[in-house]
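Owing to the predicted nature of the structure, the values given are computational and were not obtained by experimental measurement. Position 1 is the first residue of the sequence, and the numbers go up from there.
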Amino acid sequence: MSKSSAQYSQYPQHHPHDHGRAFRRPLGAPAAVTAIPLPATDDAYTIVHAGKQVRFGPVVFWIVVGTVVLLGLWSAATATYFAFRDDVLTRLIARQAEMQYAYEDRIAELRAKIDRTTSRQLLDQEQFDQKLDQIMKRQTALESRATALGAMPDVTGSIPRAAPQRSDASPTTPKPSPISDTVIFVAPPDREARLESRAPSVLAAPTNKFAKNQGFDNVLVRLTTSLDQVERRQMAALNAVEESMDSRMRRMRSVVSDLGLNLSHLEAAVPRSAMGGPFVPVKLTANAGPFEKQLHRIHTTRAEMDRLNRTLALVPYRKPVIGEVEFTSGFGVRSDPFLGRPAMHTGLDFRAASGDPVRVTAYGKVVSAGWSGGYGRMVEVDHGNGLSTRYGHLSEINVRVGEVVKIGQVIGLVGSTGRSTGPHLHYETRIEGEAVDPQKFLRAGVRLSAG
């Protein structure tokens with residue numbers, strides 16, 4: 001196959017006489033395509049096969065050639081694909097599986113992170129609930145303690161103050177009662193042992209995002225700090241009460257000892273009031289804390305102090321008249337006001353105006369009420385256990401023999417009856433009938449009233 005313009009130079013010239021001959025090929029030889037030269041009319045390609053000529057233009061020719069080449073390349077690619085498709089598929093499947101595993105691992109990691117976050121949040125919530133529950137229980141316990149402290153009359157008057165709030169505040173000087181030197185404590189308007197108001201910091205907690213993460217812990221810390229302060233104040237109140245009670249108990253015992261009295265005999269002489277009920281011993285729980293143990297000791301001490309108070313109610317250590325104590329004559333040897341000679345004065349003479357009330361200095365029973373020689377109008381009260389008191393020179397007697405009198409009860413009025421130079425009260429204290437210095441008992445009363 002060749003172009004027409006080059007056929008005459010490529011093939012031998014044929015003579016006219018050769019046209020009548022038949023072209024023969026050897027047997028067994030393949031049929032060949034022979035290009036027959038034609039007159040060169042254009043640049044077309046001619047293909048001769050079995051005596052037939054097929055002419056192609058250059059465009060068609062190259063299209064055919066391109067198609068053949070493309071078919072060859074496609075055949076080669078197809079053959080290569082079928083030859084190596086198993087390896088390609090294996091690699092694709094492996095890559096897909098790897099990507100899937102990677103995604104699954106990433107999803108599992110994210111899920112685990114979410115689970116950890118959720119678990120942490122649940123744990124934090126549980127811890128917060130536990131802490132809050134502990135704080136609420138502690139607050140309830142402190143409130144019950146505050147109630148117990150509020151029921152104690154010794155708490156309000158015995159809590160030490162750090163400093164006065166005003167410089168012009170009047171000093172808290174104990175005021176003696178009209179009938180004795182016993183100090184009366186007036187409870188202050190602000191009770192130190194009162195439980196503080198429930199933490200207002202909870203209402204003022206911030207509500208921003210940071211507060212949601214950190215604010216709760218801060219609130220719990222503030223609540224715990226506030227409760228610690230309340231607990232310290234309560235313990236300080238208990239300590240003050242216990243110290244005050246112990247000090248008073250020591251003074252009461254020392255007073256009885258200094259007066260030379262037998263405490264057991266005094267206790268036996270205390271009149272019994274109408275009381276009763278089943279005996280229920282006081283027990284502490286196994287989980288009792290320091291506060292409960294100290295409160296138990298205070299209750300025990302108070303019960304013993306009440307018993308001593310009832311016992312000392314039979315001891316005449318109080319004043320028989322109202323006002324400042326002023327003696328016109330003391331106990332002991334003196335110059336007799338009528339004879340001018342030394343004589344034994346068996347009591348104390350209190351300065352007083354005529355008609356002033358005279359009050360009994362201890363619980364007892366009237367054993368004498370009337371005229372008694374130099375005493376004039378005189379009342380004698382037996383306090384039991386050998387103790388008795390006498391009130392002489394009265395202008396009027398307000399009790400009868402056998403009458404039971406209480407501390408501070410008015411038994412008569414000051415006068416100047418009997419062997420007297422003017423209105424005053426002659427007061428005696430006797431032990432087993434023997435006169436003793438009444439100032440000894442009055443000083444004991446001052447000691448008991450101190451603190």
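Residues S254 and R447 share a closest heavy-atom pair of OG-NH2, 2.7 Å. Contact detail for E380 and S388: the closest heavy-atom pair is OE2-OG, 3.8 Å. The two residues L348 and D437 make their nearest non-hydrogen contact at CD2-OD1, 4.4 Å. Residues G412 and L394 approach most closely at CA-CD1, 4.4 Å, considering heavy atoms. In plain terms, the two heavy atoms of P357 and I322 that are nearest each other are CG-CD1, 4.2 Å. Considering all non-hydrogen atoms of both residues, S395 and T417 come closest at CA-CG2, 4.4 Å.
Listed by chain and number, the residues in a ring pair (Phe, Tyr, Trp, His ring centres under 6.0 Å) with F338 amount to none (sequence neighbours excluded). For A435, the side chain to side chain contact (heavy atoms under 4.5 Å, CB included) test picks out F331, T346, R430, with sequence neighbours left out. Under the rule for a side chain to side chain contact (heavy atoms under 4.5 Å, CB included), the partners of D246 that lie at least two apart in sequence or sit in another chain are E242, R250, T301. S75 is linked by a side chain to side chain contact (heavy atoms under 4.5 Å, CB included) to nothing, counting only residues two or more places apart in sequence or in another chain.
Between the H345 side chain and the V333 main chain, no donor and acceptor come within less than 3.5 Å of each other. For R359 (side chain) and I407 (main-chain N/O), no donor-acceptor pair under 3.5 Å exists by modelled atom type. Without hydrogens or angle criteria, S226 side chain to R222 main chain gives no donor-acceptor distance under 3.5 Å.
Distance check: M235 CE to N239 CG gives 5.5 Å after rounding to the nearest 0.5 Å. Taking CZ of R248 as the start and CG of L308 as the end, the distance is 9.5 Å to the nearest 0.5 Å. Taking CD1 of I63 as the start and CG of L70 as the end, the distance is 11.5 Å to the nearest 0.5 Å. Put simply, CG on L387 and OG1 on T429 are 8.5 Å apart, with the number rounded to the nearest 0.5 Å. Rounding to the nearest 0.5 angstrom, the gap separating the CG atom in D115 from the CG atom in L110 is 11.0 Å. To the nearest 0.5 angstrom, K293 atom NZ is 14.5 Å from L238 atom CG.
Around CE of M136, the count of heavy atoms belonging to other residues, nucleotides or ligands within 6.0 Å does not exceed 12. Other residues, nucleotides and ligands contribute more than 12 heavy atoms inside 6.0 Å of the CD atom of Q130.
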For this session: Take M252 and V256 through the test side chain to side chain contact (heavy atoms under 4.5 Å, CB included) and record every step on the way to the result.
Result: CA-CA 6 Å; M252 294 169 74; V256 174; 5.8 Å; no
For this session: Applying side-chain hydrogen bond (donor to acceptor under 3.5 Å, both in side chains), run through Q96 and Q100 and close with a yes or a no.
Result: CA-CA 6 Å; Q96 185 69 23; Q100 182 177 356; 5.7 Å; no
Exercise. Where do V366 and R400 land on the side chain to side chain contact (heavy atoms under 4.5 Å, CB included) test, with the steps shown first?
Worked result: CA-CA 7 Å; V366 177; R400 299 186 304 271; over 6 Å; no
Exercise. Would L261 and I431 satisfy side chain to side chain contact (heavy atoms under 4.5 Å, CB included), going step by step from the backbone distance to the final call?
Worked result: CA-CA 9 Å; L261 303 176; I431 298 179; 4.2 Å; yes
Problem set entry | V446 and L442: CA distance, side-chain angles, deciding distance, side chain to side chain contact (heavy atoms under 4.5 Å, CB included) verdict | CA-CA 6 Å; V446 173; L442 295 177; 5.7 Å; no
Exercise. Does the pair S247 and R251 meet the rule for a side-chain hydrogen bond (donor to acceptor under 3.5 Å, both in side chains), with working shown?
Worked result: CA-CA 6 Å; S247 177; R251 289 197 303 270; 2.8 Å; yes
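A salt bridge is defined here as a Lys NZ or Arg NE, NH1 or NH2 lying under 4.0 Å from an Asp or Glu carboxylate O, and R95 with E98 fails to meet this definition. The residues D133 and K137 are annotated as salt-bridged, a charged nitrogen and a carboxylate oxygen being separated by less than 4.0 angstrom. Remark: R443 does not engage D258 in a salt bridge, criterion side-chain N to carboxylate O under 4.0 Å.
Within the structure, every pair that satisfies the ring pair (Phe, Tyr, Trp, His ring centres under 6.0 Å) test and touches residues 385-422, not counting sequence neighbours, is listed here: Y391-Y427, H393-H424, H393-H426.
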Donor-acceptor contacts under 3.5 Å from residues 367-378 side chains, at least two apart:
{"from": "Y375", "atom 1": "OH", "to": "R390", "atom 2": "NH1", "distance (Å)": "3.0"}
{"from": "Y375", "atom 1": "OH", "to": "E428", "atom 2": "OE1", "distance (Å)": "3.2"}
{"from": "Y375", "atom 1": "OH", "to": "E428", "atom 2": "OE2", "distance (Å)": "2.8"}

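Looking only at side-chain heavy atoms (C-beta outward), V436 and F441 come within less than 4.5 Å of each other.
The side chain to side chain contact (heavy atoms under 4.5 Å, CB included) test with V360 singles out one residue from V399, V379, V405, and that residue is V405.
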